[in-house]
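Below: one structure, written as C-alpha cells.
A note on names: the letters A, B, ... follow the listed sequences, proteins ahead of strands, and every chain is numbered from 1.
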Amino acid sequence: MDFKSVEEKWQKSWGESKLFEVREDKKKKFYVLSMFPYPSGSGLHLGHALNFVIGDVFARFKRMQDFNVLQPMGFDALGLPAENAAIKACEHPEDYTNNSIKNYVRQLSSLGLSYDWSRVVNTADPDYYKWDQWIFLKMFEKGLAYQKESAVNWCPECNTVLANEQVQNGFCWRHEETKVKIKHLKQWFFKITDYADELYESIDSLDGWPQKTRAMQKNWIGKSHGTEISFEINGKNWNIFTTRPDTIFGVTFMVVSAQHKNLFELVTKEQKKEVENFLKRLNSVSEKELELMEKEGVFTGSYAVNPVNNEKIPVYAGNFVLADYGCGMVMAVPAHDQRDFEFAKKYGIKIKQVIDGKITEQRAFTNEGKLINSKEFDGIESNKAIEKITDFLIEQKKGKRVVNFKLRDWGISRQRYWGTPIPIIHCEKCGVVPVPEKDLPVKLPRQVKFGSGNPLLTNKDWINVICPKCGNNARRETDTMDTFVNSSWYFLRYADPKNNEKIFDKEKAGYWCPIDQYIGGYEHACMHLIYIRFYTKFLADLGLINFREPAKKLFHQGMLNGEGGVKMSKSKGNVVLPETVSEKYGIDTARLFLLSIASPDKPRDWSEKGIQGSLKFVNRIFDYFEKNVFGEDSKQTLSKLNKTIKDVTKEIDNFEYNTSLIKLRQLFEHIEKNRVSKDTSEKFLKLMSPFCSHIMEELWEKIGNKPFISNAKWPSFNEELIDEQLERIESIIDLVRQDIIKIKELAKIEKVSSVKIIVAPKWKWDALKIVKNVCGEKPDFRIAMNALMEKEEMKKNGKEIQGFLKVLMNKYNDFKLVNEFDEKKVLEEVKPLLEKEFGVIEIENAEESKEIKAKNAFPTKPALIVQ
RNA sequence: GCACGGGUUGGGGAGCGGUCAAACCCACCAGACUCAAAAUCUGGUCGCUUAGUGCGUUCAACGGUUCGAAUCCGUUCCCGUGCACCA
C-alpha cells in the first residue's frame, strides 16, 4: 500500500478541518503536554519522534473518549546550545533558531501528531519572553529576585555560570569533559528556597508522578529537621547545625569549613601560618581530587565551650565541612559519626562514647540507641533524648529547632547572548532599578559581536539607557536568564498564547490547566520539574492561577537506541531519521513497531528486522478491510471484543501500550479468522486509531464511514458479554483442531476417515463442582477429599479420586476460573464444523473408552484417536 | 555510602500467589503453495516421552512463608539510574 499518499492525504485533511484545534467549552477538558523541544539544527531523529508519539497516542485516546483535548507544541528556542551552534555555523542565533524551528515544524507535521498548531509557543519570540521579564519583575517586587556576590559554578566552555542543578560531579552538564570552576561574581538569584518546604512537602500529593522522580526531588531538596546549637568560642557565640543533639556529650572537637567566611576570627596568631598553608594546599588541588581527598584539617588554636557540660574542646578547620549548608560549622562526635571518627583517628583526638553500641577500630557506631555518659540523660533512647536535650538547650537559650534544606537559591544569571535579558537598569544614583512594565519587553539587540565574554557587552547603544527613575545615564543589566526560566511556565501560555495584554487570561488558564498528563524525559527530574513547580506556586501566590502544582500526572518515556542497543548519535552514524523510516514503512508502521517493543517508559532498540513484523501486521489489516466483507458476531467474538475494549482502555490509560497492542493483535487474528460483523470490525479500527492514525482513517473511510475516526467515539464495553468460559471453549476447539492436524501429519494419514475425541470422564466434572461448593476458592486437600468420599457416585472411583485431586490442587485451584462447562457438550456443538474439515467425528467420555484406561490423570485437553 | 529500579526460556519483552513451560515480537526449524525463490499460510523451538493425554527440570543464588511461588518475605551476588563528605 502507498503509505506516503495516505499519510499526506490525512495530514492535509486534518489540518484543513482544524480537527485538533480546540477552544474552551462545556466539555470536560484534558491537557496532554509533551515537553517542548529545543530546536537543534540537526533536526529531530526517530528517538525524539517516539517521545512525541507516546504523548500523541494518549491525546488521541483521550480525544476519542470525548474529552476536549489540548495538545500543543512549541519550542524552547533560547539557550546556550543554540548560541554555540550558531556561532559554530557562523550564523546569527536568531536566524539559526528560526531555520531550526522551520525544519522542526516540517518534521513534526509529517509525523501526523495531533497538535493544535494554532497555539505554537516560541520562547525566543519577544512576545513570549516579555512575560519572562514580567515574572522577573514580580519576583523582584516580592523580594524573590535578588543579586548577590557569590561563589558560582563557572563553565569555561559555556563561558557562563551554571546553576547547582547543572553541575554534575563537578563537571558541566553539557560538557562532560569540562571541570566547573568556582568564581566569585555578582549574580541574580531566584529565592526558590522560600518555597523549599512546600516543594518538599507537597511531593507526597503528586501521586500521578513516578515514584522515582518524587524520591529524586525529595532527595534533591533534602529537608532535615535538626537543632541549631550555639557554642561559645572566645567569648562569641558560634552556631552549629546537627540532627543528633543526643550525642552532644560526646563532642570532642569542632570543625569549621575551610571556606567559612569568618574562619580567621577563630584562628589564633600562633596557628595562622599553619591554617594558611592548609588553605593553600586545598586551593592547589582540583575539584575532583578534593572530592576524593581524605578528611583533613588543621587546628585553629581556639577552643569552644560545650553548652551542656562546659568542656573546652578544640576547633579545627576542615575540608569536609560545607560552608553553605547548615552553619558552615559542625560539632564533631567521633564515637558516633564516621567522618568525625576518621578525623579524630588521624589527629589523635579523644573519642568519647555516649550511645550504647559497639565501636570498632574501623567504624563508629552511628545508629541510635540508649544514652550513656550523658549525666541526667543517661538511659534515655536517642529519639527521646533528641527532644529532651533540645528542650534543655532551648531553656538555656543555647539552641533552637530548625529545618535545613539542601536546596539552594536558583542562580539565573548567564553571561551569554541567547537568553531573556534581565529587565534591570543599573543607575549610579538610584542603584538597581527595574525596567517599568510598560517598557517591556527588553528586546535582545540584533547587533552584537560574538567572541570572548558576553556578546551583549559589545552593543553600547543597547547598554546605555536613561534611568527610568532619575533620568540620568544608566546601564542595562547584561546578564540574561537561564533558559530554564522560559520553560518554567510555558504550559500556561499555551492556554492563551497570543495575549498581548496579559501573561495569560485567567479564565482560559483556569479552564485548561493544570496539565492532566505531562510527558518528558527522566533527565528533567531535578531541574525543569522543580523549577516548573516553583513557578506554579509563585504564580498561584500572585493570584493568577488557583492551583499549586503544574501537572497531575507525569510520565517519563524511555530512550530509543540505535540498532544493537548503541546510543543513537551523529558521531556513531547510527541516527535513524523519521523521514527515512516513513519512506520505507510508513510512519504508522514505525509507531506500531516502536510502541510494541517495550512498555513506553523502558528504553528500546531500533531494529530494521523487527519492524518487518509490524509491517506484516499493518498489511494484513489493510488486506482484511480491503475485502470489505463482513459477517456476524458469535458469542465468542463479542466476548473477545468486549474484553479487548476493556483491557485496552485501561492499559492505554496506564501507558501500557505494548500489552494493549498485543491484545489488539489477538483480537485481529480472531476477526480475520471468523469474518465478524462490520460493527466489530469498526470497533477494532477505533481501538487501533490512536496508534496507526492515518491507516485507520483511510480504512474507516474505505468501509463507508465519514471522516474522521480521529474524533469518533471510543468504544465502550459491556461487561455482561465478557465470558471467560467462552474463551476457554474457543481454545479447546482450537486445540482439538491443532491436534488432529498434528496427528495427521505424524501418522502420515492422507485423508482422515474418522476421529474419536475422548473427553475427561464425567465424574471428574462433577467432582470439581463438589470441591468447589465445599471449599470455595481456597481448597484444602483433606476437606475436599472428605467431601468427595461422602458422595455415593464418587465412591466407586475412590482410587482415582486421590490422583485427580492432586492434579486439581496443582493446576486448577483458582476455582473461580475452572471451566464448569461440559467439554463433551461443547464439542458436540461444533461437531459439524469439525466434520466438515476432517471427516467423521465421534465423541465419548473417557470411562466409556476402551482405548483409554484412565491413568489417574485429569486431561487438560481432550485426547484423540485419528484414523 | 545513601536512595530508587532491575535480573524471566536463543535475542527483545510480558507476567508479579493457582488456568504458567510462562503472552507477544524477532530469530531459527519443518510443512503447504511454487519449476524455484520471495511473499503468504500452517505447525514447532527447556528436556524426556506419546498417535494423544503424561512426566521431569526451569524464571540470578540460597533460605523462608504457603496445600501451592517467576510472583510474597529474608540474605547474598550482579546490573542500571540518581544523589554523593548535607553534620
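If you take CZ of A:Arg214 and C1' of B:rU81, they are 18 Å apart, rounded to a whole angstrom. A:Lys616 has its NZ atom 7 Å from the P atom of B:rC41, to the nearest Å. Distance A:Glu669 CD to B:rC41 P: 9 Å, rounded to the nearest Å. Nucleotide B:rA87 holds its P atom 17 Å from the CZ atom of A:Arg401, rounded to whole Å. Rounded to an integer number of Å, the gap from A:Leu661 CG to B:rC25 P is 12 Å. If you take NE2 of A:His524 and P of B:rU81, they are 18 Å apart, rounded to a whole angstrom. Between A:Lys643 atom NZ and B:rU19 atom P the separation is 16 Å, expressed in whole Å. Atoms CD (A:Gln612) and P (B:rA39) sit 9 Å apart, rounded to a whole Å.
Of the two residues contacting RNA chain B, namely A:Met329 and A:Glu656, the nearest-nucleotide position lying further toward the 5' end is that of A:Glu656. Each of A:Phe320 and A:Phe593 was matched to the nucleotide of RNA chain B holding its nearest heavy atom; the match closer to the 5' end belongs to A:Phe593.
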Do A:Asp605 and A:Ser607 pass the side chain to side chain donor-acceptor pair (under 3.5 Å) test, and can you show the C-alpha distance, the side-chain angles, and the key distance before you say yes or no?
CA-CA 6 Å; A:Asp605 303 341; A:Ser607 152; over 6 Å; no
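Of the side-chain N and O atoms in A:Thr659, none sit less than 4.0 angstrom from OP1 or OP2 of B:rG15. Within the 4.0 Å cut-off from OP1 or OP2 of B:rA87, at least one side-chain nitrogen or oxygen of A:Tyr325 is found. Contact check, A:Lys223 against B:rC86: no side-chain N or O comes under 4.0 Å of OP1 or OP2.
With contacts defined as side-chain heavy-atom distances shorter than 4.5 Å, the pair A:Phe253/A:Tyr347 does not qualify. A:Lys223 places a side-chain heavy atom less than 4.5 Å from the side chain of A:Asp197. Side-chain contact between A:Met331 and A:Thr247: present, with at least one pair of heavy atoms (C-beta onward) separated by less than 4.5 Å.
Electrostatic pairing of A:Glu669 and A:Arg620 counts as a salt bridge here, judged by a charged N lying under 4.0 Å from a carboxylate O. A salt bridge links A:Asp204 with A:Lys218: the closest approach of a Lys/Arg side-chain nitrogen to an acidic carboxylate oxygen falls below 4.0 angstrom.
Contacts of A:Val321 with the nucleic acid, taken as non-hydrogen atoms under 4.0 Å apart, include base atoms. Among the protein residues, A:Arg604 comes within range of no part of the nucleic acid, since none of its heavy atoms lies under 4.0 Å from any strand. Among the heavy atoms of the strands lying under 4.0 Å from A:Gly613 are primed sugar atoms or P, OP1, OP2 only; no base atom is included. In this structure, A:Gln338 reaches neither bases nor backbone, as no heavy-atom distance under 4.0 Å exists between it and the strands shown. No contact: A:Ser607 has no heavy atom under 4.0 Å from any strand.
Of the candidates B:rG12, B:rC26, B:rA14, B:rA14 carries the atom nearest the A:Ser599 side chain, counting heavy atoms from C-beta on. The side chain of A:Leu322 has B:rA87 as its nearest neighbour among B:rC4, B:rG12, B:rA87. Here the nucleotide nearest the side chain of A:Arg339, chosen from B:rC4, B:rC24, B:rC86, is B:rC86. Distances were taken from every side-chain heavy atom of A:Trp220 (C-beta onward) to each of B:rG13, B:rA84, B:rA87; the shortest belongs to B:rA84. You'll find that the side chain of A:Lys212 is closest to B:rC4, out of B:rA23, B:rC4, B:rA87. Among the nucleotides B:rA87, B:rG13, B:rC4, the one closest to any side-chain atom of A:Asn658 is B:rG13. Nearest to the side chain of A:Arg408, among B:rG12, B:rA87, B:rC86, sits B:rC86. Nearest nucleotide to the side chain of A:Asn219, out of B:rG82, B:rA87, B:rC24: B:rG82. Of the candidate nucleotides B:rG13, B:rC24, B:rC83, B:rC83 has the atom nearest to the side chain of A:Lys406. When distances run from any side-chain atom of A:Lys602 to the nucleotides B:rA14, B:rA23, B:rC83, the shortest one goes to B:rA14.
Between the P atoms of B:rG44 and B:rC24, the separation comes to 11 Å (whole Å). B:rA14 and B:rC67 have their C1' atoms separated by 28 Å, given to the nearest Å. Taking the C1' atoms as reference points, B:rC85 lies 26 Å from B:rG5, given to the whole Å. Of the C1' atoms belonging to B:rU45 and B:rU9, the separation is 11 Å, rounded to the nearest Å. Taking atom P in both B:rA70 and B:rG63, one finds a spacing of 15 Å when rounded to whole Å. B:rC26 and B:rU75 have their P atoms separated by 42 Å, given to the nearest Å.
Pair check for B:rG82 finds B:rC2; Watson-Crick or G-U wobble, both atom distances under 3.5 Å. With a cut-off of 3.5 Å on both Watson-Crick or G-U wobble distances, the partner of B:rG31 is given as B:rC41. In this structure, B:rG52 forms no base pair with any nucleotide, since neither Watson-Crick nor G-U wobble geometry is met with both distances under 3.5 Å. Pair assignment for B:rG10 gives B:rC26, based on Watson-Crick or G-U wobble hydrogen-bonding distances that are each under 3.5 Å. Nucleotide B:rC62 forms a Watson-Crick or G-U wobble pair with B:rG74, both donor-acceptor distances falling under 3.5 Å. Nucleotide B:rA36 forms no Watson-Crick or G-U wobble pair with any nucleotide shown, as no partner meets the under 3.5 Å limit on both distances.
We find the CD-CD1 distance between A:Glu368 and A:Ile355 to be 8.0 Å, quoted to the nearest 0.5 Å.
Applying the ring-ring contact (aromatic ring centres under 6.0 Å, His included) criterion to A:Phe320, with sequence neighbours excluded, gives A:Phe343.
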